[in-house]
Every structure is written in structure tokens, then in C-alpha cells.
Amino acid sequence: MFFRMIEKERLPDLIRGLSTEFEVVGPVAKGDKFVFAPIDDPADMRLDYDTTILPPKKWFFPPEETMMRFRVADNEVVDDEVYAPPRVLFGLHPCDINSLQLMDNVFFGAYIDPYYRARRENTLIVGLSCVPSETCFCNAWGTDEAHWGFDIFLSDVGDEYFASIRSVSGAELVDRHVKTREITDNDTRRFQERTAAFKAAFENHVDTSQLPLLIDAKFESPIWDQLGEKCLACGACSMVCPTCYCYDVHDELEPDQTMGRRVRTWDSCQFKDFAAVAHGQNFRDSRASRIKYRYYHKQWGYLSKFERVLCVGCGRCSRACKAGINPVKVIEALQTGVVS
Amino acid sequence: MAPRVVVLSLASDFGCQVQITNTEDHLLTILGLIELSYWQLASSGHMPDEYDVAIVEGAVTTDEHAHLLRDVRGKAAVVIAIGACATIGGIPALAGSGSLADRYATVYGDGVIVPAVRRAPAPVDSVIHVDYHVPGCPIDQSEFLRVLSRVLLGLVDHTPDMTMCGSCKIAENVCFFDSGVGCLGLVTRAGCGAKCPSLGRPCTGCRGIAPDANVVSALEVFERAGGGADALRSALDVYNTASEVHV
Amino acid sequence: MGGVPRSTIAPGDRTSAGVNPYRPWPARITSIIDLTPQEKLFELRLIDEGARAAFDFDSGQFVELSIFGVGEAPISISSAPSKQGFIELCVRNAGDVTGALHRKQCGDVVGLRGPFGRGFPFEEMKGHDVLLVAGGLGIAPLKSLINHIHDDRHDFGNVTILYGARSPAEILFRYQFDGWKHRDDFDLILTVDHPDDTWEGDVGLVTRLFDKIEVDPANAFGAICGPPVMYKYVIAEMRKKDMDVDRIYVSFERRMKCGVGKCGHCGVGHQYTCIDGPVFNYWEAMNLQEAI
Amino acid sequence: MANLTVEHVARIEGHGNISVSVEEGVVRDIQMDVVEPARFFESMVVGRRFEDAPLITSRICGICSPNHALTSIKAVEAALGVEVSERTRLLRTLLVYGSYLQNHATHLYVFAAPDFVGLPNIFPLAQTHPDVVGRALKIKKLGNELCNLVGGRSVHPVTAVVGGFTSEPSSRDLSAMRARLRDIVGDALATVDLFASFKVPDFDTAGEMLALTSPTEYAIYDGDVTALDAGWTRPAADYHDTLRESIVGHSNAKHSTVGGRPFLVGAVARMNLNAQRLGARGRDALEASGLVLPTRNPFHTHVCQAVELVDAAERCAGYIDRLIGSDGSSEPVAVDVSAGTGAGATEAPRGTLYHSYSIGDDGLITKGDVITPTAQNLANLEADMRAFAPTVADRPREEFVLLIEELVRSYDPCLSCAVH
Ligand SMILES: Cc1cc2nc3c(=O)[nH]c(=O)nc-3n(C[C@H](O)[C@H](O)[C@H](O)COP(=O)(O)OP(=O)(O)OC[C@H]3O[C@@H](n4cnc5c(N)ncnc54)[C@H](O)[C@@H]3O)c2cc1C
Ligand code: SF4
Ligand code: SF4
Ligand code: SF4
């Protein structure tokens, strides 16, 4: 990795430069919230955003995507190519950068998902430092820092960005499109100060000690029933979660019924039919069992395979859940036995 | 052999039938897959004695409607209910609360006698078994085409059972509750892609209460941030008067 | 995905980067046998010769059967790995895909992906006694194992098969089992819940049959497949016979959309049925919350 | 000929029967029985919040729902004293025109055209005259898409609410729409040619004709009511004083009269009263059609609707110019709730539509009233049937029935609207 300083005023140069080679996607305002959207004008980019409604996963694993097109008559695939335009995701916070690595474990792994892979390989990531909001708790998982998984990372140190450059492409792009200078000792000191201030700014301090064991041990706890009573079973938490990857697959025929497409769409383990099988059997019929499964899988199921918890503390689910259920509360309930 | 299809309407505004004609790009293709035996809105001709598929729009508001439906059920292998009126009672059912005589008086003046055949408005499946449902007020063309495709393939009805908020998130809408406005998406059956919230308007519940909805918890949410529990109850009346809500 | 010529890679290839694991391989239905009103036995052959030659599986593994326009369903392979060039699927008409398959005819083309998952530990079982317990459609994957053992019979000790069905008419593969009734290298006991006039065999739950059998706990492997409610009771019987928890194997059915560990539907406890199972040993299963 | 009934007249919106009573070979009476059961919209809105009125009453009719929604909104706004922006008015006008394009195309090609070519429906024409069917679907689709663009949905628009719009189309989408509107003018002109070429019965109605008029434009979204024969012009809001509604035994729909006379609303009335305010292309089309105004022939509805298609396409492109050129807002304006009563009127594709409401201090509706174009037309339609039937009574029974049906269809009636 190497480092450069970029004057804030010059950042639009970089964005404009990237736009000549890539589709640039960054945070823009939607009402009083933010979303990641293609950027036409660098001025639209809201680098002061707290978090977005949907995480960046939609740029790799869209809410709905055609896996293949087929012909009914002979049951043949006519096309399963993935179109993945060269793209830059600009302004990702550390939690989101980390979330993509958790997704990678799933979509690469034993069988490689060609759709996810094509987009992942064609997308550069430009990270951006942030300020914790009242829903953030990435500090609990160590996902408040991104050490890899980006091409360029911009840390805001006042009138300049302290840019960490991870990849060859990142280095070339910085060289090509924006004026930079070498870092000095003073710059690294400013960087350290920023980091310390950031860490000190968290309101949430979640005790995650022995959480995987705790959640396994408390499988029969009444807290799950209490949470199940509140849960709206709407699946909003899963949709907004940068680390939720479950999907459904269905076929859709064109009106003439001769050709069609196999489509995958985001799904949620909070939906009642998620674990239903034929003959009326449903392995997770109750809301309580489903909400329990969501946490069980995130805190222990995934961890049992990849040694990481499947949550980056981005707080999106806390914002999305109208019933007021969120990991901070659930972890607290696991520890105290009381749902607040 | 192409299935013989009839299109019928009970108490409705014909909007869902209009939506079928609004599949312009595909209308002729669809008509090529079926044998259209009766469609009063679009074609002259009489209701035939034999047919395979009956598409029914509208709520049941008279005994004649009920008789017609029983007759249809006896003849058709497949019955498809389209639209809020047919699937949940919809807006016609809003007239189901209170006294019919008063409503006659309001509309026609005092002294008008309620015809004996009138009944409280109700969805089609309150009278006969319905094989496929296309909810919504009006129906969405592409959903109708999907259901029709399932009918032609002999697949089972597959109306989504979850509520709207998941798809609303996918549409990246700012939730109405965040600004203290109630939205029925919390309890309404998904499948429209959260059409109304995406257009800046809270969901009005035209697809009916989702089987998986947690109405009790939704009431609390309305109490906290959506204009009170009564706002939920009153909003639900618009389309869902004929539905039993377990609160 | 483009790039790799399709016939040089096996359908179940996990590693080749050019393979789209979701893309079904066309397979022709070469025979259909009506077993019961709800179940049919389909013989399928992959159309691509290279793929057919490379198709290799273990008993207990499954394929994703694909009918475009309808969808996919995970189905256990019923034939034995020792029989090459085709596979058999014993399928109950339970909904969309299975229903559409039931409407297909000999010569029609469907799609296959797989084989997927972890099957029974055939090699480990060698040299041991094997006790196989099936309930209803659970015989489908076990039949693959039974036939495989049959083809390698001298490598195994005592082989006992307990199979319970609802009624005599619902006994699957009866033509084969009737033929085996009098063999002395297989102990086969059939039971039904609802006997008819012709039924001379046992009546009642499959667990009842445990009184009739001898098990050498030091030597025996168990394999169970059936409806979810069955496992607890059968395992209890096996434990009564002192069989080792890690020599009892169970095969689970869960909802699945991908078969390759991504879609999340088949989660059972902290594992996925599709890649970690569907066959688990009982020690693993005991550690899977909500599994049994 | 004996008494006869035609049950569930085809290719009209809603359920209605025609009954003809014949005595000694002479047509004695002829009635339009509207069998559509009452749906009580006027009573359903009572007790509900004013915002719900457009949502609920737009379900009176799925064919011209944008009109019901907007008329209801206008009535609520009148009751509460809400003033909307110019931009909102422009968008609303576009929405009405979207409904015109789709309704007229449907009425002309799907409902009426089969009569002229002797077919039960339009679909067989897809094989023999693909250009005609293609044109029909193209115009209809553009109408729907204009509604989708502005209203979010063509049947029961979503975005139009009391005070403004909850969401607006982007300029990019608007200019794409403008290009397509310009492109459709040719198809609309071809429609005028086609319907001008069809021979229609020579028949004049005796009824009065009413339509909204405005000094500045071909009145669609707003205007006063003008009577062609009587010559007066009155505020639309006074419709209670102008129109008399009465209940008739054989029909679930009420009948209306003006000054004791039945009257006609719809394209013929509009054209008679507004032709001088057609746009350039519309005027050319009217001239090319050979139609001489004023006309009293209800069968001329078709040509008048076709001319309106041309005018709509041209006019909408102009409205879009204005929208793109100005930067006002259509965001719903804040509403101060205080008790009031108000009425609204628009020209629906089938004629003038009125809504009125009384609203209490609590924002709840205490009274609602709706008069639909078809309800206004029914009395005149029956009078026309009575006058027309004897002139064709000598025809073979089937032809006789068809001609009566054609007269009914020329009114483009919407019976479920009429019984609301
Ligand atoms: C590892 C494995 C092996 C199996 N082996 C066999 C076999 O050998 N023979 C056999 O007949 N069946 C087998 N099944 C069950 C079979 O997969 C289901 O019956 C089938 O998926 C139903 O699909 P469908 O499209 O026909 O029904 P659908 O119309 O999709 O569904 C009918 C019902 O099944 C549920 N369902 C949907 N998808 C699945 C799914 N993927 N898995 C389970 N239930 C689902 C639905 O909730 C619904 O209630 C196996 C299942 C698994 C997981
Ligand atoms: S579980 Fe919640 S906090 Fe954790 S990553 Fe998902 S959305 Fe963010
Ligand atoms: S706006 Fe409505 S549908 Fe959307 S998330 Fe909020 S409650 Fe759900
Ligand atoms: S958002 Fe609600 S009201 Fe709107 S279409 Fe969907 S279900 Fe109907």
C-alpha cells in the first residue's frame, strides 16, 4: 500500500476523471436519506452522508437479476452471459467495504457465482472515512476499519484527504486524474488523530464477548418469543443488510410462452415460506423461530464457516425496522434475558 | 387445445378488465394462446355453456352474483379472481358497513326500498373456491400475465404472502413512518413493488392484508409513529372492510 | 459462461472458473415407471456425452432437476453410483416442478445440475454391518445406497433394511423388494401403517421393527431417511441398541433454491443442507439446532 | 316483430339491457335498463377524511379514473379553498388528456369499429388489417403511458392528490413523451380519415347539448358550462341548480334534464361548443373530416373523438413545452382544514363530470355527490332510441338490434359509472 495527500478541492477532478473510464456510483440524497446512485455531476455526490438506505451489495447482487434466458420447447439455455460494466463505487464506508468481503466468502467459495464475480471483478472501490451515527456499532466487530477490499481509501483529515492506495488500478487512476502530494510525518499524525477521534465518537458499545456460544446456549430462551411478537415479518432488515445474501429463484415466461428467463430475487429468512417444504411442512413457521434463525445464522452459522460474524454494524437494520428490533438490542437481550 | 376463457364482472368499475386491454404489447399474443369465448367489454356474443377458465372481476353484492358464480364454478376448471373487489371485497365492500337502507336513502332519497337480492359486499371466494388470485386495485398487467402463464402451465397459485416493506426497501424509498405518516405497507400483501410509496404516497392496502402480517405489532407502530392506531383501522377500511382482521 | 468447452468439464465441477454452476445440463428422459399414483421413477441420461461420462456421484447426493418455465427441485439420486451412464430419480408429485416432471414423457428433455451435497460414507461403511431405515419417500436416496452395497456385497457385513410405508400400495420399488424377500444376504423387513387384505407383512411404525433385529453396536453403521418426524424415534431405537452417534447417518430434506450453498434456504442450525449435507452423521446433527 | 330484450349489451362499460316493446308491429317503447347494482359511492365517502374522496371515488370508473380522481380533487379543493400551482394544473390537464387518448382509442377501435366492419370484436382484424389494429393499440398505449408518466398508473393514478402531485416525471421522460406525442399525430389523423369514411345513420337528436367551455382553450380540465341551444353559460359549480336528477323505475341509474329537456354531453357537444379553440392540427383534421358543425347526430361522436385525438396529441406536446420551460412546483400545497362545500367539474372522455362535497371542521366529509356523463346522457339516449327505432323498424330483426346497439355505443356509455 502507498499513500498520497489529495486536496479536498481537487476531489471533483478525480471523480470527473473516473467518469471518463467508468460508471461512477456514489452517495446522493433521496429526501432526507441517501442512496448509492450513478453520478452525473460530482456536485451531486454527498460525501457527508451517514449511511444509505440500501447497501452497495445491489451493485454486485442486484435485487432482481436474470440468471439465464431459456427456450421452453427443448429446455435449452440460450444465454447466461453477465453484463458487468466497468464501474467505480465511490465513497464506501469501512463497514460496507468489509461487508463485501463477507459476501465474497459466500459467492466465491466452493462454487463460484459467475454473476457476482463478473461485477465484483469489474468494479473498483473507493473508500471514505466516516463519522459514527447513533445507529452505528461497527466498533463492536472491528469493521470500523478497512484494511483491504478497496482500491483507494480517502480519510478526511480536514482540508485534505489522506489517501491509502491498495491496488495497481487505484494507483494508476490517482496518478492519471488528480494532483497529489507525498505524505509527511505530519500527515500521518493528522491521520492518527482523526482515527482516534472517530473511535471516540461511538455512542454504542456492544459487549460481544462469547456471543456465538451465548446464542447457541440461549436457543430456547423466551426472548425469541418476545421478539417474535414484535417482528412484523416484513423482511426489511434483510433487504437493507449489506451481508444478507439469501435469494429466491423463479422462472418467468414471455407472453408467448416460448421463451423465458430464470430470475433471482432477494429473499429473506423472515418470510414465512422461506423454509417451507412440500406437504405443508415448515421448518420455521413462527416469527420467533425466524428471527432467532436470522441472528443465529449471523452470529454463529456463518462464523462456524468463515470465522467472522455476518454483521458489520452498519445499523441499517436498526433504521429500517419499524418494530424497533436491531442487533444491539438483541445482543443485550441475550445477555440480560430481557427484551427492552 | 387452447383453453376457452370467459371474462365476467360483478360489482366493479371495470378497471381490471381495462388493465387487461392495457397489456397492448402482448394483448394479441395472449389472445393467440387462448380461445376467448366471452368478454362483454370487448366483444359481442353470449355467455357460452362450456368453457375452461373463468376470469372474474368485481365483488359479490347481490344474490344474482352468487348464483352466477356457483354456475361458473360448476362449469369452469379454473377460476381466476382479479382485482381487489374480487379478491378481498375492495372498495365496494366499504359499503358493507352500516345499514344498506341508509345508503339507499343517501343515494336515491328516502322511501326507496332495498332490493331483496342485495347482500353485504364480499369477495368471490366467499361464495366459491378460487384457484388463482390477482390482487390489486387495479391489477398490474405483468402480474396478470404471470398468473395467466401459471394457469396455462398448470402450476399452483403463488400470490406472495409477505408484507410490502421488503419491496419498499428494495425500491429505496424513504419510509413514511420516519416522518410520522402511517403507511399500510406494514400489513399489505407484497407484489406491487411498493408502487405507491415509490410514487410518494403511502400504501392504501389495495392488495389486501398479507397472510403473514403482524397486525398487532403494526398497531403499535402506528401508535408510535403513524398517526395512531385508529389511523390504521380507518385506512384498512378502504379496501379491507370485508376482511377479518385479527387485532 | 463462455470460454470453456462444455464437454470437458463435469457437471459437478466445483473449481473450474468458467463454469456456471446454475446452468442446467440437458438430459433426456429414457424411461418412466409408475410406482404409485404419486410417485414415478425416471431414468435420465445427460445428452452431452462428455458430461455423461464424467458424471460421478455418491449415494445420498442429489441433483437439481430443472424444467424451464417452471423451476427447479432438488431430488436425490436413486440409482447406484456403480451404474454409469444414467441416473434414476424417484419423484413424488408434490407441486410445480415435480408435477411438471410427472407430465413429461419418455424422450422429453429436462435439465440437471449436480451432483450436489455430501452423500453416505460408502468407503467407511465397507467392512461393516449396515442398518438402513427408510420411511415413505425416504427410500429414494437409500435405494441408491442399497443398490450400491448390493453391487459390492462382499465388502459388507450384515445388511438390514427396515422400510415403512403408509399402505402396501405406497411401498416403492416393491418389484425389487419382493424379489429380495427370500435372499439371505439382505435382511429386509417391510411394514405398513394401513394394511390391506393381501398384506402379510408387519403392521405399524418402522420403529416397531427394532424388536426383530439384532445389531452389533461395535460394528454397525446406520442410515436413516424419511419424513422429519421419524428421525427422533428411529435414532432413539438405534441408541437403545448402543450404536455410535457418529456412525448413524441421517439425510435431511430442506427447501433449496441453488444447491450450492448460496441461496440460504436450506439452513439447518449453523450448516447448509446442500453443501454440508444432506447426509449428516448424528453427532453433527445433534449439534445442529432445530435439526431433529 | 315481437318484444325483445338485449341483455348485457356488448362493448360498453358496465351492464345494461335494452328492452323494446312492440305492439302490432309498431315500436311502442324502448328502454335502456341499467342493471348494474348500486355501489353507493356517495354514501361511502361520508365520514371519511377529505383526502380519501379522490381515492375512493376514482373507483367509480376504471375507464376514466383519472377524471374521477381529478374532479374529486377539484371539488375537495373548492370546498377547502385550496389554490394549486400552474404547474399542477398543467400536469392535471396532461393526465386528463392521457385518459382521452386511451379512452377514445378504446372506444373507437375496440368498441365501435367492429360495428362498421361487421365483426363481433376487433381481434380478427389483427390478421386482416394489422395496420389498423396496430394503430389502435399504439394510440391507446401512448395514452396509458402519458397517464403512467404523470399519474404513476393509467387506471387509478397514484400521484394526483389534493393540493398537487406526490411525484413528478423527470424532464428527460417528459421530452421523450413529447416526441412520441408528435409522432402519434399522423396516427390520429388516419383515425379521423377512417371514421369519417364510415357511413353512419342520418339521425338528429332533439336534446340540448352541454359542455365545459373556456375563453382560452378547448375546455377539458376546467371551464364553465355552456348550453348550445339555450345559449347560456354558467359556473360549473352551480350544477345542482342547472341539472335536475330524477329516479326512474327501470334503471339503477338516475336520469338528468336541463330546463326540463334531456341533453347530451360528450365529444359531439364539446366539438359543437369548442371547435373554434381547437389547435391548428385539430382544425385541419376537423375540416378534412367533412363534418359540418353544429351537428346534432350522436353517431358523429366517433369523428369528433377522432378529431379530439389529433388535438390532444398536439396540445399535450405544447403543455410539455411549458412544463419543461418553467420551474414551478407541483408539490402538494398545505391544506388548512375548515368546514366548507365545493364542487368540481372536468370534461371526461364521455362528457362533463361533476363531484361535490361538504366537509366538516374535522376534515371529515358530511355529504358527497357525483353526476357522471352517462347519467346525464341516459334520458337523452332513451329519447333518441325512441325516435330512432321507428325509422329502422322495417329492418330485419338482427339488423334492427344492431342499429339500436350502435346508437347506444355511439354514446360511449359507461354504465357502472352511471350507477355509482
Ligand atoms: C436433498 C433433497 C432431496 C430430495 N429428494 C427427493 C426425491 O428423491 N424425490 C422426491 O420426490 N422429492 C425429493 N425431495 C423433495 C423435493 O425437492 C420437493 O418435493 C420439491 O422441491 C417440490 O418442488 P415442486 O416445485 O414440485 O413443488 P412447489 O410447487 O415448489 O412446492 C410445493 C411445496 O413445496 C415447498 N417447496 C418449494 N421448494 C422446495 C424445495 N426446494 N425443497 C423442498 N420443498 C420445497 C413449497 O413451500 C410448497 O409448499 C428432496 C428434497 C431435498 C432437499
Ligand atoms: S445485521 Fe443490521 S447492522 Fe448488521 S450488517 Fe446487517 S443491517 Fe448492518
Ligand atoms: S413506506 Fe410503507 S411500505 Fe415502505 S417501508 Fe415504510 S411502512 Fe413499509
Ligand atoms: S402500494 Fe399499496 S395501494 Fe399502492 S398498489 Fe401497492 S398495495 Fe396497492
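Chain A is the first sequence line, chain B the second, and so forth, proteins listed ahead of strands; every chain is numbered from 1.
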Less than 4.5 Å to any heavy atom of chain D: does that hold for the side chain of Ala235(B), its backbone, both, or neither? backbone
Checking His46(B) against chain D: side chain, backbone, both or neither under 4.5 Å from a heavy atom? neither
Side-chain heavy atoms of Phe165(D) within contact of Leu199(B), under 4.5 Å: no
Inspect the surroundings of CZ in Arg244(D) and state if more than 12 heavy atoms from other residues, nucleotides or ligands are less than 6.0 Å away. no
Inspect the surroundings of CD in Glu331(D) and state if more than 12 heavy atoms from other residues, nucleotides or ligands are less than 6.0 Å away. no
Between [Y] and [X], is there a side-chain donor-acceptor contact under 3.5 Å, judged purely by atom types and distance?
| X | Y | answer |
| --- | --- | --- |
| Arg49(D) | Ser234(B) | no |
| Lys140(D) | Asn22(B) | yes |
| His68(D) | Asp13(B) | no |

Out of curiosity, [X] [atom1] to [Y] [atom2], how far, rounded to the nearest 0.5 Å?
| X | Y | atom1 | atom2 | value |
| --- | --- | --- | --- | --- |
| His26(B) | Leu137(D) | NE2 | CG | 11.5 Å |
| Leu27(B) | Lys141(D) | CG | NZ | 12.0 Å |
| Cys192(B) | Arg153(D) | SG | CZ | 8.0 Å |

When heavy-atom pairs shorter than 4.5 Å are enumerated against chain B, which of Asp369(D), Thr159(D), Asn121(D) gives the highest number? Asn121(D)
If you tally heavy-atom pairs under 4.5 Å between each of Val133(D), Leu55(D), Asp52(D), Val110(D) and chain B, the highest tally belongs to Leu55(D)
Given a strict heavy-atom distance threshold of 4.5 Å, which part of [X] is in contact with chain B: side chain, backbone, both, or neither?
| X | answer |
| --- | --- |
| Glu245(D) | neither |
| Ser154(D) | side chain |
| Val161(D) | side chain |
| Ile60(D) | backbone |
| Pro157(D) | backbone |

Using a cut-off of under 4.5 Å for heavy-atom pairs, which of Asp140(B), Thr21(B), Asp237(B) has the most such pairs with chain D? Thr21(B)
Looking at every non-hydrogen atom in both residues, tell me the closest pair between Ala160(D) and Arg201(B) and how far apart they are. O-NH1, 3.8 Å
Heavy atoms of Pro92(B) and Met44(D) approach each other most closely as O-SD, 4.3 Å
If we ignore hydrogens and angles and just use 3.5 Å, is the side chain of Lys195(B) paired with the main-chain N or O of Gly152(D) as donor and acceptor? yes
With a 3.5 Å distance limit and no angle check, can you tell me whether Arg59(D) reaches the backbone of Ile91(B) through a side-chain donor-acceptor pair? no
Using side-chain contact (heavy atoms from CB on, under 4.5 Å), reason through Arg48(D) and Val238(B) one step at a time and then give a plain yes or no. CA-CA 9 Å; Arg48(D) 298 210 59 90; Val238(B) 175; 3.4 Å; yes
